[in-house]
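In what follows, a structure is listed as structure tokens, so that the remarks can point back to it.
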Protein chains: 2
Amino acid sequence: MKKSEITRLTILQKAFELIYTNGYQTTSIDDIIATTQLTKGAFYYHFKTKDEMGLAIINEILKPSLTKSFIESLKNEQNPLDAIYNLMDNLLMKNAFLKVEYGCPASNFTQEMTPWNENFTKALNEITKQCTKVMITTIEKGKENGFIGKEVNAKQVTIFVMSSYWGIRNFGKLDNNNKAYLPYLRQLKIYLNSLK
Amino acid sequence: MKKSEITRLTILQKAFELIYTNGYQTTSIDDIIATTQLTKGAFYYHFKTKDEMGLAIINEILKPSLTKSFIESLKNEQNPLDAIYNLMDNLLMKNAFLKVEYGCPASNFTQEMTPWNENFTKALNEITKQCTKVMITTIEKGKENGFIGKEVNAKQVTIFVMSSYWGIRNFGKLDNNNKAYLPYLRQLKIYLNSLK
DNA sequence: TTGTAAAAGTACCAAACAGTATCTTTTATG
DNA sequence: CATAAAAGATACTGTTTGGTACTTTTACAA
């Protein structure tokens with residue numbers, strides 16, 4: 001890997017961490033170059049504007065990480081209901097990338113940027129669509145394999161589950177701990193079992 | 001109502017609208033005084049700082065509006081499952097105060113402010129706790145009245161439902177329309193019926 | 001090894017920002 | 001209707017911000 005590519009990636013990763021913990025608007029370029037030990041010259045060599053960097057974070061850091069989580073969790077497991085539960089359990093309780101007190105990075109980005117940046121919205125929408133698609137396919141397959149009742153609407157369930165995930169991260173953020181995660185996961189299991 | 005009180009309320013309401021549509025950080029005090037047709041002198045006569053105003057918005061605009069919605073919807077209805085469904089249907093589809101494309105104001109505030117303002121977090125947490133409490137009580141009463149199965153865990157269900165609500169607003173925001181709301185509501189109904 | 005384009009450093013700018021100091025006008029009340 | 005305090009207007013400040021212009025250093029292919 002070329003040195004300049006490493007620099008670029010360092011900026012993206014460090015900037016992601018700062019934005020994930022402090023928000024996009026409250027993270028200044030000066031903050032980013034301070035933590036990366038770089039200068040404005042380096043930053044603006046790699047990115048035309050701050051927003052171009054933000055978009056790169058979504059597409060090059062967030063997107064691969066999230067879609068990988070979804071695809072790996074959902075495609076390999078036999079029982080789709082277990083798969084969905086384990087995916088959520090993993091995202092909430094085990095993923096080292098995601099921290100309770102900072103919520104879901106995709107959701108954070110959405111909330112903060114959507115009102116004023118259309119490109120961000122589009123990029124985030126794509127991630128969501130990809131994740132949604134994988135989950136719908138998983139459920140449809142589960143219906144064929146007899147794991148899930150034939151009357152179940154895959155898209156509805158997906159939207160419902162994804163929503164509940166985004167929302168529960170709000171609780172975690174507000175409470176600044178994962179106390180709400182356990183009752184959430186128990187209820188999610190009950191709900192998923194009702195789809196058999 | 002005294003004139004100065006009207007001015008204060010006007011600032012809060014107009015500022016709320018701006019922040020709801022554009023975000024807190026992207027709404028400047030200059031923006032607020034421009035839309036209110038007031039001046040800095042007036043603004044800083046009523047509020048010591050921008051954050052003091054933000055806190056006042058949460059406590060004096062958001063809190064009463066949301067808790068009123070929850071209490072009125074949940075306390076008056078006979079069947080608690082219908083009550084919860086109608087509350088969500090109302091918040092998503094009928095409430096003129098809330099717009100699809102801008103998400104849930106409480107959730108927006110939470111996402112944007114939590115990382116850097118503890119007072120905001122506390123105030124938002126209080127609103128959430130109040131709403132949660134009302135819903136838990138409603139469910140408990142429903143268990144006593146036979147509307148809901150005795151084995152149902154009221155707190156779990158409340159957290160699950162509230163999460164799903166917050167999350168679905170994210171979908172609406174991302175898509176910039178309420179297409180996702182209908183499948184969500186259908187699935188919510190199916191889920192609530194499973195609690196009988 | 002060396003020439004050169006790529007990469008990074010330095011110093012600056014104009015605009016936007018929250019907030020203040022001071023002055024003027026309303027408004028409520030004796 | 002006089003007057004003082006409340007409410008609001010005006011003009012400013014120091015700082016932070018994203019971004020730029022220009023210079024220097026580094027990496028790497030020939």
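Worth saying up front: this structure is predicted, and the values here are computed from it rather than measured. Both backbone and side-chain heavy atoms feed into the values below; hydrogens, waters and symmetry mates do not. Just so it is clear: chains get the letters A, B, ... in the order the sequence lines come, proteins before strands, and each one is counted from 1.
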Completion exercise
Atom OH of A:Y44 and atom P of C:dA6 are separated, to the nearest Å, by 21 Å
Practice task
Figure out the CG/P separation between B:D30 and D:dA11, and round it to whole Å.
Solution key: 14 Å
Handout entry: Phosphate contact (C:dA8 OP1 or OP2) by A:S4 side-chain N/O below 4.0 Å
Key = no
Practice task
On DNA chain D, check which nucleotide each of B:A42 and A:D51 is closest to and give me the residue with the more 5' one.
Solution key: B:A42
Practice task
Nearest-nucleotide wise, let me know which of B:K3 and B:F43 is further upstream toward the 5' end of DNA chain C.
Solution key: B:F43
Exercise for the section: May I ask you to evaluate whether A:H46 reaches the phosphate of C:dA8, defined as a side-chain N or O under 4.0 Å from OP1 or OP2? Expected result: yes
Practice task
For B:Q25 and D:dT16, give me the distance from atom CD to atom P, rounded to whole Å.
Solution key: 15 Å
Completion exercise
Separation of D:dG18 atom C1' from A:W116 atom CH2, nearest Å, is 12 Å
Exercise for the section: Establish, for the pair A:K179 and A:F171, whether the NZ or CZ atom is under 6.0 angstrom from the six-membered ring centre and no further than 45 degrees off its axis. Expected result: no
Problem - Salt-bridge contact B:K63-B:E126 (side-chain N to carboxylate O under 4.0 Å) - result: yes
Exercise for the section: Would you kindly check whether a donor in the side chain of B:K40 faces an acceptor in the base of D:dG8, or vice versa, at under 3.5 angstrom? Expected result: no
Exercise for the section: Let me know the distance between CE of A:M53 and P of D:dG18, rounded to the nearest Å. Expected result: 9 Å
Problem - Cation over ring face, B:K155 and B:F160, 6.0 Å, 45° - result: no
Problem - Rounded distance (Å) that lies between atom P of C:dT10 and atom CD1 of A:I33 - result: 11 Å
Problem - Residue from B:F97, B:F109, B:Y102 passing ring pair (Phe, Tyr, Trp, His ring centres under 6.0 Å) with B:F16 - result: B:F97
Handout entry: Residue met sooner reading DNA chain C from 5', once B:T26 and B:K48 are mapped to nucleotides
Key = B:T26
Exercise for the section: Write down the distance between CD1 (B:I32) and C1' (C:dG19), rounded to a whole number of angstrom. Expected result: 13 Å
Practice task
Would you mind reading off the distance between A:I29 atom CD1 and D:dG18 atom P, rounded to a whole angstrom?
Solution key: 5 Å
Practice task
Look at B:T7 and D:dG8 and indicate whether a side-chain polar atom (N or O) is within less than 4.0 Å of OP1 or OP2.
Solution key: yes
Practice task
Could you tell me whether the phosphate oxygens of C:dC17, OP1 or OP2, come under 4.0 Å of any side-chain nitrogen or oxygen in B:S28?
Solution key: yes
Exercise for the section: Using a strict 4.0 Å threshold on nitrogen-to-oxygen distance, state whether B:R8 and B:E5 make a salt bridge. Expected result: no
